[in-house]
Amino acid sequence: MAGRGLTRTMVIWVPDWPVTAAAVATGRSPDEPIVVLEKGKVLATSAAARAEGVRRGQRARDAQSRCPELVVLKYDPVIDARAFDPVIACLEAITPGVQVIRPGMCALKARGPARFYGGEQAAAEKLLDRLETFDVPGSRVGIADGPFAAEQAARTSSARTRVQVVPPGGSPEFLAPLSVDLLEQPELTDLLRRLGLRSLGAFAQLSGTEVLTRFGPGGAFAHRLAGGSDDRPVTGREVPPELIRALDFEPSVDRVDQVAFAVRVIADELIARLTELGLVCTTLRIEVGTESGRIHEREWLHPRWFTAADVVDRVRWQLQGSGTATSELTSSVVRIRLVPDQVDPVGAHVDGLWGGGADERIHRALSRVQSMLGHGAVVSVVIGGGRGFAERQTLIPWGDPPVPARSPDQPWPGAITGAKQWPTPAPTTIFPEPIPAKVFAADGAQVSVSARGELSGAPAAFSLLPASGPGVQVADSNKIHPITAWAGPWLSTERWWDPSTETRQARFQFQTADTRAWLFTLHQTTWQAQATYD
């Protein structure tokens, strides 16, 4: 049988829904002559506009020439979907399993409502009555085998006959005279028309194997639709649980500790709700509304998952970041919202069979230190882009997204690492501040490098100036270190297009008698020790 294996489907269609949603959003009546534009063309029209000759697909100027009183509104898919959500909730109150096809159209399995209300016709009329009481007039219902045929049945209904029922197994016959344009595949339908196949029935008569060979998987799917063999299931939407928690302060609060103490209640509620659902939050957005009318918003990432204490810590850190060191806010807080932006099943983050490993112990220790000393007290290093070793390091507070300051995917001509001419391995100790130094030739003169990379003499020794930095022994200050081997120079010119920030330098590698290797740079006449190879 033609209907074997197909789902008996009921499609509910609200004509001109984009017009209705846009009109309600702008405070207008859908009975006015209104069009909704998308990309400069008419997407939907009201009945009054169609009576004046306005049609879908026209340009705005052509539509306005036919109806000077025309109200032109811009299509907003967010408003469209938001306005249709209460309609779905209205239908779900009397029958579950509603699937949203698009704003203004939804589908559900016909079997359940038909058995409950005593038939498909009676069930459809009950749904229409429900929409009428919800102030959604003019809706239509189509019932057939499969979502595609049911949608076309709803569209072929009229204001007088608002329910169109296609008998079981009758979808191929019902679809046969309809236009191939209903497949909504412009390239395919244009080709079919040039081949003389203008109806769904003519297209359905072709061999399925030949259609697959000639038009590919997309054409084969359209061929099944045209033949009434739409075997797509109807799946009801899953309403996401409400996880957002908010706390209003009346009167407003102007101290960080008071806000943090009050937030603990909604933080416990949020974590408890996530636990009930078997979820954990890994990304949390905190919105702080102040008396001045501003909303301070920040997204926090957790390396594992948030506990109630972690949430309270993030709120406190965010408030302290916008206030002063005395924990006084610049503007009183009137509202706090906790928004879980990313939640995962708890199984994706569960401990191992034998308990937490070293990573878990490290995380707990660092989180404890961070909660006592502040958000920026514990940092981790992320390697990013750059030419020097120091500028490639980005310090990220523990738990924040590991995003480097400079993208590592971009090319960095003249970079120390990645450049073909720079030998490996990389230095192991990089000084936070370069150490000033002097490099001497065998005759005792300081070594210099010309713009073409020519040395005034071979490096024979160097000394570090008294302003030594971390990682360098005090005894190394002013001590002469004989150079037993050296390599370089590697010239680098940065930001040559900006004279105010242009930097020219030459890099060297030196090895001393104690087998210690050094990375030196020469900026014009200034030598600096940048790192060592331990």
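Throughout, residue positions are numbered sequentially from 1 according to the sequence presented. Basis for what follows: all heavy atoms, side chains included, without hydrogens, waters or symmetry-related copies.
The pair Arg214-Glu210 does not count as a salt bridge, with every side-chain nitrogen at least 4.0 angstrom from each carboxylate oxygen. Classification of Glu132 and Arg162 as a salt-bridged pair holds, one side-chain N sitting under 4.0 Å from a carboxylate O. The pair Glu151-Arg155 meets the salt-bridge criterion, since a charged nitrogen lies less than 4.0 angstrom from a carboxylate oxygen. Note on Asp16 versus Arg50: salt bridge recorded, some NZ/NE/NH1/NH2 to OD/OE distance being below 4.0 Å.
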**Asked** Going through the distances and angles, do Asp341 and Val339 end up as a side-chain contact (heavy atoms from CB on, under 4.5 Å)?
**Response** CA-CA 6 Å; Asp341 273 351; Val339 184; 3.6 Å; yes

Salt bridge (charged side-chain N to carboxylate O under 4.0 Å, His left out) between Arg8 and Glu120, worked out: CA-CA 10 Å; Arg8 193 70 178 160; Glu120 295 176 343; 2.9 Å; yes

Show, in sequence, the C-alpha distance, side-chain angles and deciding distance for Thr95 and Leu127, and conclude whether the side-chain contact (heavy atoms from CB on, under 4.5 Å) test is met.
CA-CA 9 Å; Thr95 178; Leu127 293 176; 3.8 Å; yes

(message) Set out, in order, the CA-CA distance, both residues' side-chain angles and the distance that settles side-chain contact (heavy atoms from CB on, under 4.5 Å) for Val98 and Cys106, then state yes or no.
(response) CA-CA 7 Å; Val98 180; Cys106 58; 3.8 Å; yes

- Message: Show, in sequence, the C-alpha distance, side-chain angles and deciding distance for Ile336 and Phe249, and conclude whether the side-chain contact (heavy atoms from CB on, under 4.5 Å) test is met.
- Response: CA-CA 8 Å; Ile336 295 286; Phe249 295 93; 3.7 Å; yes

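Residue-environment remark: CD1 (Ile94) exceeds the threshold of 12 foreign heavy atoms within 6.0 Å. Heavy-atom neighbours of Arg102 CZ from other residues, nucleotides or ligands within 6.0 Å: above the threshold of 12. The 12-atom threshold is not exceeded at CD of Glu173, counting heavy atoms of other residues, nucleotides or ligands nearer than 6.0 Å. Around atom CD of Glu187, no more than 12 heavy atoms belonging to other residues, nucleotides or ligands sit under 6.0 Å away. The environment of CZ in Arg193 is crowded: more than 12 heavy-atom neighbours from other residues, nucleotides or ligands sit within 6.0 Å.
Considering CD1 of Ile244 and CD1 of Ile266, their distance stands at 11.5 Å, rounded to 0.5 Å. Here the SG atom belonging to Cys281 is positioned 8.5 Å from the CG atom belonging to Leu243, to the nearest 0.5 angstrom. Rounding to the nearest 0.5 angstrom, the gap separating the CZ atom in Phe203 from the CG atom in Leu225 is 9.0 Å. Atom-to-atom distance recorded for Arg224:CZ and Leu6:CG is 11.0 Å, nearest 0.5 angstrom. One finds the CZ atom of Arg314 at 12.5 Å from the CG atom of Leu338 (value rounded to the nearest 0.5 Å). Taking CD of Gln121 as the start and CD1 of Ile143 as the end, the distance is 7.0 Å to the nearest 0.5 Å.
Taking 4.5 Å as the limit, every side-chain heavy atom of Val36 sits out of range of all side-chain heavy atoms of Val42. Using a 4.5 Å cut-off on side-chain heavy atoms (C-beta onward), Arg337 and Ile286 make no contact. With contacts defined as side-chain heavy-atom distances shorter than 4.5 Å, the pair Ile271/Thr275 qualifies. Side-chain contact check for Leu247 versus Val265: every heavy-atom pair is 4.5 Å or farther apart. Counting only heavy atoms from C-beta outward, the side chains of Val333 and Leu319 approach each other to under 4.5 Å. At a threshold of 4.5 Å between non-hydrogen side-chain atoms, the residues Asp344 and Leu279 do not count as touching. Inter-residue side-chain proximity for Val280 and Leu274 is flagged as unmet; no heavy-atom pair is nearer than 4.5 Å. The shortest side-chain heavy-atom distance between Leu73 and Val35 does not fall under the 4.5 Å cut-off.
Annotation: ring pair (Phe, Tyr, Trp, His ring centres under 6.0 Å) contacts involving residues 157-176, sequence neighbours excluded, are absent. The list of ring pair (Phe, Tyr, Trp, His ring centres under 6.0 Å) pairs with a residue in residues 84-124, not counting sequence neighbours, reads Trp17-Phe84.
A donor atom on one side chain and an acceptor atom on the other are not found under 3.5 Å apart for Ser65 and Asp62. Between the side chains of Thr7 and Thr9, no donor N or O sits under 3.5 Å from an acceptor N or O.
The backbone N or O of Leu206 sits less than 3.5 Å from a side-chain atom of His223, completing a donor-acceptor pair. Between the side chain of Gln318 and the main chain of His296, a donor-acceptor pair closer than 3.5 Å is present. Under the 3.5 Å distance criterion, the side-chain polar atoms of Arg56 are matched with a main-chain donor or acceptor of Leu43. Side-chain N or O atoms of Ser171 include none that pairs as donor or acceptor with a backbone N or O of Ala144 at under 3.5 Å. Without hydrogens or angle criteria, Thr161 side chain to Ser158 main chain gives no donor-acceptor distance under 3.5 Å. Remark: side-chain polar atoms of Ser46 are paired, donor with acceptor, to backbone N or O of Ile34 under 3.5 angstrom. Side chain of Asp310 to backbone of Thr307: a donor-acceptor contact under 3.5 angstrom is found. No donor-acceptor distance shorter than 3.5 angstrom exists from the side chain of Gln205 to the backbone of Ala202, with no hydrogens or angles considered. Although no hydrogens or angles enter the test, the distance criterion places no donor-acceptor pair under 3.5 Å between the side chain of Thr45 and the main chain of Ala49. When atom types are taken as modelled, the side chain of Gln164 and the backbone of Gly142 share no donor-acceptor pair closer than 3.5 angstrom.
For the pair Ala246 and Arg335, the tightest heavy-atom approach, listed with the atom from each and the gap, is CB-NH2, 3.4 Å. The two atoms that bring Ala60 and Leu37 nearest to each other are CB-CD1, 3.6 Å, heavy atoms only. A pairwise comparison of heavy atoms in Leu183 and Ala222 identifies CD2-O, 3.8 Å as the closest pair. Heavy atoms only, all atoms of each residue included: Pro113 and Leu108 are closest at CG-CD1, 3.6 Å. Between Pro147 and Val11 the shortest heavy-atom distance is O-CG2, 3.9 Å. The nearest pair of heavy atoms linking Pro186 to Thr189 is O-OG1, 3.1 Å.
Taking the six-membered ring where tryptophan is involved, the planes of Trp300 and Trp317 are tilted, since the angle between them lies from 30° to 60°.
By the salt bridge (charged side-chain N to carboxylate O under 4.0 Å, His left out) test, Arg194 pairs with Asp190, sequence neighbours left out.
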